[in-house]
K.L.:
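Please see the structure below; I have some questions.
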Amino acid sequence: MSGRLLRLVCTAAVAAGTVLAPLPAAAVPEPPAPGGRSVSELLTDLQRLYQEAEEATETYNATAEKLKEQRAEVRRLDGQLARARLSLHDSRGAAGRLARQQYQNSTDISPYVRLLLARDPQHALDQGHVIGQLARERAETVGRLTGSERKADGLARKARAALDRQLTLSVRQKKDRDAVRKKLDDVEELLASLTEEQLGAVAELERTDVEAAQEDLVTSGALADGDGEGSGSGEPTRAADRAVRYAVQQLGKPYEWGAEGPEAYDCSGLTSQAWGHAGRPIPRTSQEQWAELPRIPLRELRPGDLVVYFPKATHVAIYLGAGQVVQAPRTGEKVKVSPLASHPVLGAVRPDKGQAQDQDRDAR
């Protein structure tokens with residue numbers, strides 16, 4: 001991370017009340033817990049419930065994104081169907097005029113007999129040419145009518161099917177929303193059962209666990225040079241720099257499940273909006289970001305890369321450099337700067353990998 005950007009991160013983090021460096025570890029008290037559970041068991045339960053809530057949130061987000069796309073598809077098909085029906089109306093009008101003309105000009109004498117009886121055979125032949133041309137035009141009119149009917153019928157079927165899919169997704173979204181609310185109710189129920197002393201003990205144990213995990217990660221050599229700086233040039237691309245700056249500007253804003261800003265965010269809402277504002281749209285959910293974006297080793301981390309967490313890729317943060325990330329953590333917390341090892345790391349992805357490679361070649 002450049003010195004200027006790092007100073008920006010530090011200033012914003014202090015303003016938001018976040019901490020960039022671990023505090024000295026302190027002894028963790030073991031006050032009595034409901035049901036005879038220890039503080040570590042309470043923390044395990046709480047972290048499990050938070051993870052389940054975030055997994056449910058990402059499922060809700062994925063359904064919401066599909067529903068958004070399906071609504072756009074329904075609008076597109078409705079527009080095409082309206083135009084097809086207008087064309088069909090015009091074709092039917094032309095066909096009606098053709099039918100009236102045929103009725104008014106009907107005769108029992110065939111064109112061949114009229115040619116034999118004509119005083120001027122050449123004139124009759126010329127009339128025959130005109131009649132043939134009119135016949136072709138009539139055939140084209142009928143053909144357009146038939147084609148318009150087929151197109152309108154096909155679009156009507158597609159529009160109905162698209163609307164059915166939209167309704168199905170709407171029902172699924174409601175179920176997903178209810179699932180998130182149920183998981184959050186479980187979290188609130190557990191928190192409500194704890195005393196202030198127990199809550200403090202759980203928070204302290206979680207903090208010391210994160211410190212230990214961060215130290216293990218740094219000393220393991222998984223990060224380049226063992227200092228968490230990342231390898232390569234260490235400098236973000238212009239797009240990555242804009243994404244980091246956007247994320248830093250959101251420090252202190254509340255976490256809200258399903259939120260994409262600007263007043264609140266969930267984890268993937270923050271990362272997707274940061275990169276969207278940088279001019280590089282990425283998938284909405286953490287699972288899609290992990291599945292679809294180019295993966296990189298942790299040793300190659302640079303500011304702007306996304307760090308993905310948990311086996312099911314249910315949490316994501318944006319890398320700042322120096323072993324730190326900015327994240328929208330969970331319900332009840334705010335967007336903040338955290339150690340990279342705040343959660344079990346699954347891996348990392350780089351939204352602008354091709355641009356970053358070009359920048360590295362230019363630097364060399």
Side-chain angles (χ1 to χ4, degrees), residues 1-16 18 20 65 223-225 227-253 259-286 288-309 313 315-328 335-340 345-364:
M1 180 186 294
S2 67
R4 182 180 179 186
L5 182 56
L6 184 56
R7 287 194 298 274
L8 172 65
V9 171
C10 292
T11 302
V14 170
T18 56
L20 285 173
E65 196 68 13
L223 301 178
D225 304 324
D227 62 2
E229 285 289 355
S231 64
S233 71
E235 293 295 328
T237 61
R238 285 186 293 274
D241 182 80
R242 288 194 293 269
V244 168
R245 289 175 182 276
Y246 179 89
V248 169
Q249 289 167 0
Q250 312 315 308
L251 290 173
K253 293 185 178 181
E260 301 178 77
E263 302 302 325
Y265 297 88
D266 63 18
C267 68
S268 57
L270 177 63
T271 55
S272 61
Q273 286 298 309
W275 273 97
H277 279 75
R280 173 66 168 86
I282 62 174
R284 168 63 175 90
T285 71
S286 60
E288 291 172 322
Q289 290 168 9
W290 174 246
E292 299 179 23
L293 298 177
R295 298 180 186 180
I296 58 168
L298 292 182
R299 289 181 59 84
E300 297 181 7
L301 274 173
R302 62 174 56 174
D305 293 339
L306 304 183
V307 182
V308 183
Y309 298 94
H315 187 71
V316 64
I318 188 165
Y319 189 62
L320 298 179
Q324 305 291 322
V325 297
V326 61
Q327 62 167 333
V335 176
K336 65 180 182 179
V337 173
S338 306
L340 189 152
V345 177
L346 176 62
V349 295
R350 177 168 294 161
D352 63 342
K353 187 174 183 180
Q355 296 175 17
Q357 290 171 337
D358 291 342
Q359 179 170 297
D360 285 344
R361 283 194 295 271
D362 294 341
R364 291 195 294 269

K.L.:
Once you round to the nearest 0.5 Å, how far does CD of E263 lie from NZ of K253?
P.N.:
5.5 Å
K.L.:
Please find the pair of heavy atoms, one from L223 and one from L298, that lie closest to each other, and give the distance.
P.N.:
CD2-O, 3.7 Å
K.L.:
Within the 3.5 Å criterion, strictly below it, is a donor on Y265 or Q273 matched to an acceptor on the partner's side chain?
P.N.:
no
K.L.:
Looking at A348 and L301, what are the two nearest heavy atoms and their distance?
P.N.:
CB-CD2, 3.7 Å
K.L.:
For A317 and T271, which heavy atoms make the closest approach, and how far apart are they?
P.N.:
C-CG2, 4.0 Å
K.L.:
Between CD1 of I296 and CG of D305, what distance do you get to the nearest 0.5 Å?
P.N.:
3.5 Å
K.L.:
Can you tell me if R350 uses its side chain to pair, donor with acceptor, with the backbone of E300 under 3.5 Å?
P.N.:
yes
K.L.:
Between L340 and Y319, which heavy-atom pair has the shortest distance, and what is it?
P.N.:
CD1-CE1, 3.5 Å
K.L.:
Which heavy atom of C267 sits nearest a heavy atom of V316, and at what distance?
P.N.:
CB-O, 3.5 Å
K.L.:
Apply side-chain contact (heavy atoms from CB on, under 4.5 Å) to S272 and list each qualifying residue two or more places apart in sequence or on a separate chain.
P.N.:
I282, R284, Q289
K.L.:
Do R280 side-chain atoms and A239 backbone N/O form a donor-acceptor pair below 3.5 Å?
P.N.:
no
K.L.:
Could you measure the distance from the CD atom of E260 to the CG atom of L270? Nearest 0.5 Å is fine.
P.N.:
11.0 Å
K.L.:
Which value, rounded to the nearest 0.5 Å, describes the distance between T237 atom OG1 and K353 atom NZ?
P.N.:
13.5 Å
K.L.:
Could you work out, with side-chain contact (heavy atoms from CB on, under 4.5 Å) as the rule, every residue matching A313, not counting sequence neighbours?
P.N.:
Q287, W290, V308, L346
K.L.:
Could you measure the distance from the CD atom of Q249 to the NE2 atom of H277? Nearest 0.5 Å is fine.
P.N.:
9.5 Å
K.L.:
How close do A328 and V335 get, counting heavy atoms only, and between which atoms?
P.N.:
CB-CG2, 4.1 Å
K.L.:
Which residues pass the side-chain contact (heavy atoms from CB on, under 4.5 Å) test with A243, not counting sequence neighbours?
P.N.:
A274, W275, A278, I318
K.L.:
Any side-chain heavy atom of Q324 within less than 4.5 Å of one from S338?
P.N.:
no
K.L.:
Indicate yes or no: at least one non-hydrogen side-chain atom of P303 is less than 4.5 angstrom from one of D241.
P.N.:
no
